[in-house]
Amino acid sequence: GSIMTFILGVALYGMVYILPVYLGHVRGMNSSQIGSIMMVQGMAMFVAAPFAGAILPKFDPRLSIFFGMALAAFGVLLDTDLTLQTDYNDLFWSQIIRGIGLMACLIVLSQLSMSSLPLDKIKGASGVYNLTRNIGGAIGLAVINTLLDQQMALHVTALNSVLTPDRQIVVDTLNNNAAGLASTAGDGAYAMAVAQLSKTVHLQAMALSFNDILKGLGYMMLGAACLVWLVKKPDPARMTGGEGVH
């Protein structure tokens, strides 16, 4: 349970961090536009909560957690094709799927983690459980930032390696951009065209780096979903609060 909630913390806090940074730096959106996109997942979780609370207790809790984490992982993997044009519509359904999946496993995971413990151990275990999720988020954000820097450098190098003066498409792009800027930039039009191309390369590299991180998060969540089958099937009375478990 602690391992799963650690990974859940990495994914939960990581997604809340990654998407706004991508939308702000790559897409150039303001805080209002970012908020309107990010609220979709929260609304999905809000709407799904009562249904999940009513339906999930009818099934093996391990199946509910597996389904929820796998669905959330699928929602993360749907966002691994971010581009310089990705917008609200492209991110809408992935957030709906991710929100439903997270709610399905969050409701049951804490109960399943505590179900095999004696009552006098639950208070301390609950504290450890919640701390583990927060630690997962903190460590996850640090690792994500580090990996973003590393992947960014790799992708910039790879993209720059194909932007050579002997490629006609590169020459044509610079000349066309310079011609379009000539009326406003004058003699500095070509230098400005080069700067624009450099900026585009860095934005593309950043988008590719975010895609790499999202793939890692998605596959990590799929792996965590499989861990639930290592947990012994709990006593239904403990899961429903029959012995005072909350």
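All residue numbers in this chain count up from 1 along the given sequence.
Side-chain atoms of Ile100 and Phe51, non-hydrogen and from C-beta on, never get closer than 4.5 Å to each other. No side-chain heavy atom of Val170 sits less than 4.5 Å from a side-chain heavy atom of Val162. Under the 4.5 Å side-chain criterion, counting only non-hydrogen atoms from C-beta, Phe210 is not in contact with Thr80.
Applying the salt bridge (charged side-chain N to carboxylate O under 4.0 Å, His left out) definition to pairs two or more places apart or across chains, those involving residues 89-100 are Asp79-Arg98. Pairs engaging residues 102-117 under the salt bridge (charged side-chain N to carboxylate O under 4.0 Å, His left out) rule: none recorded [sequence neighbours left out].
Here CZ of Phe46 is found 10.0 Å from CE of Met103. Values are rounded to the nearest 0.5 Å. With rounding to the nearest 0.5 angstrom, the CG atom of Leu109 is 9.0 Å from the OG atom of Ser2. Interatomic distance, CG of Leu23 versus OG of Ser31, reported as 12.0 Å (0.5 Å rounding). With values rounded to the nearest 0.5 angstrom, Met192 atom CE is found 14.0 Å from Leu197 atom CG. Here the straight-line distance linking atom OG of Ser64 with atom CE of Met69 works out to 13.5 Å at 0.5 Å rounding. Taken from CE in Met15 to CD1 in Ile213, the straight-line distance is 11.5 Å, to the nearest 0.5 Å.
With sequence neighbours excluded, the residues that form a ring pair (Phe, Tyr, Trp, His ring centres under 6.0 Å) with Trp229 are Phe66. With sequence neighbours excluded, the residues satisfying side chain to side chain contact (heavy atoms under 4.5 Å, CB included) with Ile97 are Leu71, Phe74, Leu78. Under the ring pair (Phe, Tyr, Trp, His ring centres under 6.0 Å) criterion, Phe67 pairs with no residue, sequence neighbours left out. Tyr17 meets the side chain to side chain donor-acceptor pair (under 3.5 Å) test with Asn145; sequence neighbours excluded. Among residues two or more places apart in sequence or in another chain, the side chain to side chain contact (heavy atoms under 4.5 Å, CB included) test is passed with Val128 by Thr132. For the side chain to side chain contact (heavy atoms under 4.5 Å, CB included) test, residues two or more places apart in sequence or in another chain that qualify with Asn89 are Asp87. Legend: residues meeting side chain to side chain contact (heavy atoms under 4.5 Å, CB included) with Met220, ordered by chain and number and at least two apart, are Ile7, Val10, Leu217. For His155, the side chain to side chain donor-acceptor pair (under 3.5 Å) partners at least two apart in sequence or on another chain are Asp212. Residues meeting the ring pair (Phe, Tyr, Trp, His ring centres under 6.0 Å) test with Phe92, sequence neighbours left out: Tyr88.
Side-chain atoms of Ser161 come within 3.5 Å of backbone atoms of Ala158 as a donor-acceptor pair (strictly under, hydrogens ignored). Put simply, the side chain of Ser126 never gets that close to the backbone of Lys123: no donor and acceptor are under 3.5 Å apart. At distances below 3.5 Å, at least one donor-acceptor pair connects side-chain atoms of Ser209 with backbone N or O atoms of Ala205. Distance alone, capped at 3.5 Å, is enough to place a donor-acceptor pair between the Gln33 side chain and the Asn30 backbone. Under a 3.5 Å cut-off, the side chain of Arg27 and the backbone N or O of Thr86 do form a donor-acceptor pair. Thr173 places a side-chain N or O within 3.5 Å of a backbone atom of Ile169 that can act as its donor or acceptor partner. Proximity of a side-chain donor or acceptor of Thr146 to a complementary backbone N or O of Ala142 within less than 3.5 Å is detected.
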Would Leu12 and Met221 count as a side-chain contact (heavy atoms from CB on, under 4.5 Å) here? Give the steps.
CA-CA 10 Å; Leu12 188 61; Met221 291 183 70; over 6 Å; no
For Gln151 and Leu208, what are the C-alpha separation, side-chain angles and deciding distance, and is it a side-chain contact (heavy atoms from CB on, under 4.5 Å)?
CA-CA 8 Å; Gln151 293 303 111; Leu208 292 172; over 6 Å; no
Between Met29 and Ile37, is a side-chain contact (heavy atoms from CB on, under 4.5 Å) present by the stated rule, with each step listed?
CA-CA 10 Å; Met29 294 184 178; Ile37 293 176; 3.7 Å; yes
Can you list the steps and then say if Ile18 with Leu214 is a side-chain contact (heavy atoms from CB on, under 4.5 Å)?
CA-CA 8 Å; Ile18 288 175; Leu214 290 171; 4.2 Å; yes
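The two residues Gly99 and Gln41 come nearest to each other via the heavy atoms CA-CG, 3.9 Å. Across Pro61 and Val108, no two heavy atoms sit closer than the pair CB-CG1, 3.3 Å. Scanning all heavy atoms of the two residues, the minimum distance from Ala70 to Ala225 falls at N-CB, 4.1 Å. Annotation for Ala207 and Leu82: closest pair CB-O, 4.0 Å, computed over non-hydrogen atoms. Closest approach of Ala104 and Gly68 over heavy atoms only: CB-CA, 3.8 Å. Across all non-hydrogen atoms, the minimal contact from Val26 to Leu203 is CA-CD2, 4.0 Å.
Hydrophobic clustering (side-chain heavy atoms under 4.5 Å, transitive across Ile, Leu, Val, Met, Phe, Trp, Tyr) keeps Leu8 apart from Val16. Cluster membership for Trp93 and Leu91, using ILVMFWY side-chain heavy atoms within less than 4.5 angstrom, is shared. Under the 4.5 Å side-chain heavy-atom criterion for ILVMFWY residues, a single connected hydrophobic cluster contains both Leu141 and Val76. Tracing side-chain contacts under 4.5 Å through hydrophobic residues (I, L, V, M, F, W, Y), one reaches Leu131 starting from Met4; they form part of the same cluster. Follow the hydrophobic side-chain contacts under 4.5 Å out from Leu63 and you never reach Ile55; the two are in separate clusters.
No more than 12 heavy atoms of other residues, nucleotides or ligands sit less than 6.0 Å from atom CD1 of Ile3.
Other residues sharing a hydrophobic cluster with Met43 under the 4.5 Å side-chain heavy-atom criterion for ILVMFWY residues are Met39.
For Thr164 and Asp166, the side-chain atoms include at least one donor-acceptor pair closer than 3.5 Å.
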